[in-house]
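Any value given below was found using the heavy atoms of this structure, including those in side chains, with hydrogens, waters and symmetry copies removed. Each chain gets a letter, A, B and so on, in the order its sequence line appears, and its residues count up from 1. None of these values were measured; they are calculated from a predicted model.
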Amino acid sequence: MMNLSSLSRAMIFSLIAALAAIYTVWLVYTGGPDDEIIIAAGVQIAAMVFALLSLLSVKMFLRKISNLSDAIRMGDFEQRLVLPRVGGDMKKVTDHLNAMIDINDAFVREASLALTAASEGRFYRKIRPEGMRGMYLHSVGKINGAIDTMAEAERDRSHMIEELREQLGSTIEAAIAGDFSKRVEISRGKDEFAVIAKQVNGLVETVDRGLIATGRVLSALAQTDLSLRVEGEFEGAFLKLKEDTNAVAGNLGDVIGQLRQTSGTLKLATSEILDGTNDLSRRTAKQASTIEETSTTMGQLAVTIAESAEQAEKASTDSLQLSNTAEQSGALMAKATDAMEQIATSSAKISNIIGMIDNIAFQTNLLAVNASLEAARAGDAGKGFAVVATEVRTLAQSAGEAAKEVRQLVDQSTSEVEQGSTFVGEVSENLSNMISSIQKNSTRMQGLATASRQQASSIEEVNIAVGQMDEMTQNNAALVEETNAAIEQANGQVTDLDELVEGFKLGEREPANDFQSGDDEDQDFQHVESDAA
Amino acid sequence: MLSVDGAERKLGQNDLIVSKTNLKGHITYANDVFLDIADYSLKQVLNQPHSMIRSEAMPRCVFQLLWEYLQDGREIFAYVVNATRKNDHYWVFAHVTPSTDANGKIISYHSNRRAPSEAAIEAVKALYEILLAEEAKHSNRKEGQKAGYALLLKILEEKGMSYDEFIFSL
Ligand SMILES: Cc1cc2nc3c(=O)[nH]c(=O)nc-3n(C[C@H](O)[C@H](O)[C@H](O)COP(=O)(O)O)c2cc1C
């Protein structure tokens with residue numbers, strides 16, 4: 001019973017009712033027993049009631065199906081037939097209906113979620129084809145294919161964006177680093193990217209062109225070539241850059257032209273000054289050397305005078321000593337006269353003694369002659385004695401001769417002593433004369449020494465003054481030297497400036513023509529100076 | 001290898017197991033394929049918690065992830081092994097989604113399950129074994145689930161994949 005559906009039951013009950021009806025009719029027709037007829041009729045009624053009830057539940061089932069279909073038609077895939085008691089064909093219908101909704105539900109959920117995921121870039125989340133059949137499977141294939149295409153497009157797009165980003169990045173980074181030679185290059189791609197690339201390239205190109213054009217002029221300026229100008233069509237900031245650069249080059253040219261004149265004049269002026277200072281320097285040096293010479297001479301003079309003062313003093317002292325000595329000499333003279341007289345006396349005595357010696361020598365000689373005679377007589381025995389006698393004779397003879405010579409000498413000395421005495425007398429007189437004149441001289445010398453000393457101290461003072469003068473001149477010379485060096489340096493710098501200014505290559509334009517006046521001039525001049533420094 | 005109780009039942013290539021639950025996870029609908037393979041009657045499953053077919057071989061942290069996704073209004077795919085009434089088992093590739101009303105409010109949950117590929121099952125088995133072992137380290141069920149969940153996230157992070165990407169890569 002449980003496995004039968006209501007419909008089957010209605011059919012069975014209807015069949016039973018029909019059979020019961022036929023039997024009842026047959027019983028009535030054949031005149032069967034009444035109680036049997038009643039039972040048959042009863043069965044018939046009961047079967048019909050059951051059949052009716054079953055049909056009622058079928059009707060309810062159909063209503064449920066109808067409601068469900070409506071819900072499905074309205075897109076409500078939440079609904080299912082949940083009928084735990086239904087069996088048989090109706091269960092089959094239920095299962096099939098549910099399965100139909102299930103597959104729709106599954107497909108719709110999958111499709112919408114897969115597309116949502118794809119729209120969020122989760123392209124890996126595609127519809128799983130398992131369990132899908134027929135048109136469902138076909139649609140799954142289509143949708144998944146579409147997702148793949150989207151994924152590929154997205155990949156392409158992101159590759160493009162990546163490429164564009166990289167290209168833009170490297171181009172812009174290069175530009176930031178000052179290299180404007182890079183361009184955005186896109187191999188393939190959509191117009192929008194190409195437009196961006198083109199615009200960026202245009203931007204970089206404009207900057208590049210502007211920088212190259214101005215850079216050319218500026219580097220020429222840096223190399224002192226003022227003849228170039230920025231050429232070409234520019235707009236906006238680059239137009240301003242072009243105009244400003246050209247103005248700088250023009251103004252610089254004017255300034256340099258002016259500067260050339262100025263530096264020429266300056267050069268002349270400094271070289272004149274230099275000549276003057278050189279002359280001054282020479283003169284000062286000469287003056288210095290003259291003063292130095294003077295100083296030296298004065299020094300020497302001072303020394304000489306000091307020396308002469310000393311000498312005079314010494315001379316004075318010496319003459320004093322001399323007069324003393326002379327006086328002593330006088331005394332000595334007197335003593336000498338006495339001595340001389342004593343010598344005369346002694347000489348006489350010596351003469352007498354010599355007479356005696358002479359006599360003794362004669363006597364001795366005689367004795368010696370005798371002795372030789374005696375020895376000759378004695379023969380060989382007296383031979384030795386004979387030799388002695390001969391020696392004695394020789395001695396006696398030489399003694400006699402010596403005595404003679406002494407006498408002569410004594411005589412001579414006696415006369416000389418006499419002369420000496422006379423001479424001493426004269427000398428004594430001279431000495432006393434000399435002493436008096438020495439004393440006079442000494443006094444004069446003393447005066448001279450004093451005067452010399454005074455003179456020396458004066459000269460010393462003069463010398464100090466000359467020394468100071470020398471020092472000042474020396475300082476002067478140093479100053480002149482420094483001035484000279486400074487001016488020489490200035491002259492050198494002016495020459496450098498001149499060379500520098502000459503080094504600038506100027507354009508056609510005449511300088512000073514559009515030369516601005518006043519402050520601008522100064523400013524420009526300063527620029528040139530700092531550039532040249 | 002992950003050990004699962006009983007004999008394995010296979011889902012047909014074209015089969016679609018469908019079930020629906022209320023917000024508590026109690027079954028409100030199960031299709032005939034569900035009842036056939038799990039060996040239950042509709043009456044037996046209606047209003048029962050869906051965990052009634054849970055297999056001991058399933059790490060709890062996977063269901064934690066499932067519920068987090070669902071309550072967040074997101075769909076989730078998962079390889080799940082379920083137990084039949086007679087304690088046999090069958091592997092499915094489940095797609096669980098919240099159903100919303102016209103205002104976007106979640107009113108129920110829905111699950112479609114299809115036949116998984118053998119290769120995917122093998123890969124998932126290896127993963128579940130690790131997760132189960134991690135969960136088993138803790139006597140406390142909740143702690144175990146938490147540890148398993150953390151490990152799952154860590155494994156995904158090491159792979160550099162989201163959970164969804166990982167599942168679709170199998
Ligand atoms: C729509 C839906 C379908 C689910 N299907 C299953 C399933 O097939 N097998 C299962 O074990 N859990 C399934 N769950 C999860 C269970 O609700 C439950 O969380 C899980 O079995 C873990 O059990 P527990 O929460 O008691 O730990 C499903 C949940 C929902 C909302």
Side-chain angles (χ1 to χ4, degrees), chain A residues 2-3 68 71 74-88 90-118 120-134 136-137 140 144 147-148 151, chain B residues 11-22 27-36 40-47 69 73-77 92-102 106-117 120 161-170:
Chain A
M2 265 318 290
N3 283 334
L68 181 70
M74 301 299 279
D76 178 4
F77 291 152
E78 279 303 287
Q79 305 303 322
R80 298 288 190 281
L81 286 176
V82 184
L83 306 168
R85 269 192 277 268
V86 162
M90 278 165 67
K91 180 174 170 355
K92 257 189 204 152
V93 171
T94 303
D95 285 347
H96 284 177
L97 270 175
N98 280 343
M100 202 174 81
I101 303 168
D102 280 344
I103 193 69
N104 275 303
D105 195 0
F107 179 81
V108 170
R109 274 173 206 273
E110 280 269 2
S112 75
L113 287 166
L115 289 173
T116 305
E120 287 165 2
R122 289 181 288 122
F123 298 108
Y124 58 84
R125 192 257 180 263
K126 290 195 278 185
I127 305 176
R128 302 292 296 216
E130 297 93 335
M132 303 281 180
R133 278 178 281 187
Y136 295 109
L137 189 61
V140 166
N144 282 348
I147 290 173
D148 282 341
Chain B
L11 195 59
Q13 261 310 303
N14 291 317
D15 285 346
L16 185 67
I17 296 175
V18 183
S19 67
K20 284 180 181 287
T21 74
N22 60 15
I27 298 170
T28 54
Y29 167 71
N31 73 348
D32 54 341
V33 188
F34 182 114
L35 299 173
D36 268 2
Y40 285 108
S41 71
L42 184 55
K43 221 168 153 180
Q44 285 171 319
V45 302
L46 276 180
N47 294 318
Y69 266 65
R74 295 160 68 191
E75 61 171 337
I76 184 164
F77 288 90
V92 297
F93 180 55
H95 176 215
V96 188
T97 46
S99 301
T100 54
D101 63 11
I106 299 172
I107 50 172
S108 66
Y109 298 113
H110 175 103
S111 175
N112 289 319
R113 304 168 189 82
R114 269 83 69 89
S117 75
M161 282 178 167
S162 71
Y163 172 78
D164 300 353
E165 270 178 293
F166 167 68
I167 290 295
F168 272 88
S169 74
L170 295 176

Subject >> Shortest non-hydrogen separation from Phe168(B) to Tyr124(A) and the atoms involved >> reply: CD2-O, 3.3 Å
**OP:** Mind checking the OG1-CD spacing from Thr100(B) to Glu78(A)? Nearest 0.5 Å is all I need.
**Re:** 8.5 Å
Original post:
Non-hydrogen atoms of chain A under 4.5 Å away: do they reach the side chain of Ser99(B), the backbone, both or neither?
Top reply: both
Original post:
Side chain, backbone, both or neither: which part of Leu137(A) has a heavy atom under 4.5 Å from chain B?
Top reply: neither
Original post:
Is there a side chain to side chain contact (heavy atoms under 4.5 Å, CB included) between Asp32(B) and Asn98(A) once you walk through the steps?
Top reply: CA-CA 9 Å; Asp32(B) 54 341; Asn98(A) 280 343; over 6 Å; no
Subject >> Separation between CG of Leu83(A) and CG of Leu42(B), rounded to the nearest 0.5 Å >> reply: 8.0 Å
**OP:** Identify the two heavy atoms, one from Leu46(B) and one from Val82(A), that lie closest to each other, and give their separation to 0.1 Å.
**Re:** CD1-CG1, 3.6 Å
Original post:
If you measure from CG on Asn14(B) to CD on Glu130(A), what distance do you get to the nearest 0.5 Å?
Top reply: 10.0 Å
**OP:** For side chain to side chain contact (heavy atoms under 4.5 Å, CB included), just list the numbers for Arg122(A) and Asp164(B), CA-CA rounded to whole Å, side-chain angles, deciding distance to a tenth of an Å, and then say yes or no.
**Re:** CA-CA 9 Å; Arg122(A) 289 181 288 122; Asp164(B) 300 353; 4.0 Å; yes
**OP:** Identify the heavy atoms of Leu16(B) and Ala106(A) that sit nearest to each other, and give their distance.
**Re:** CD2-CB, 3.9 Å
Subject >> Note: Glu75(B)-Arg109(A) ion pair, threshold 4.0 Å (strictly below) >> reply: no
Original post:
What pair of heavy atoms forms the shortest contact from Arg114(B) to Gly131(A), and how long is it?
Top reply: CG-N, 4.1 Å
Original post:
Is it the side chain or the backbone of Ser169(B) that comes within 4.5 Å of chain A heavy atoms, both, or neither?
Top reply: neither
**OP:** Among the options Thr116(A), Ile103(A), Asp105(A), pick out the one with the most heavy-atom pairs lying under 4.5 Å from chain B.
**Re:** Asp105(A)
**OP:** Select one option (side chain, backbone, both, neither) describing which atoms of Lys20(B) are under 4.5 Å from chain A's heavy atoms.
**Re:** side chain
Original post:
Measuring from Leu113(A):CG to Arg74(B):CZ, what's the distance to the nearest 0.5 Å?
Top reply: 11.5 Å
Original post:
Below 4.5 Å, heavy atoms only, C-beta onward: do Gln79(A) and Tyr29(B) meet side chain to side chain?
Top reply: no
**OP:** Check each atom of Arg128(A) against the heavy atoms of chain B and say whether the ones under 4.5 Å are side chain, backbone, both or neither.
**Re:** both
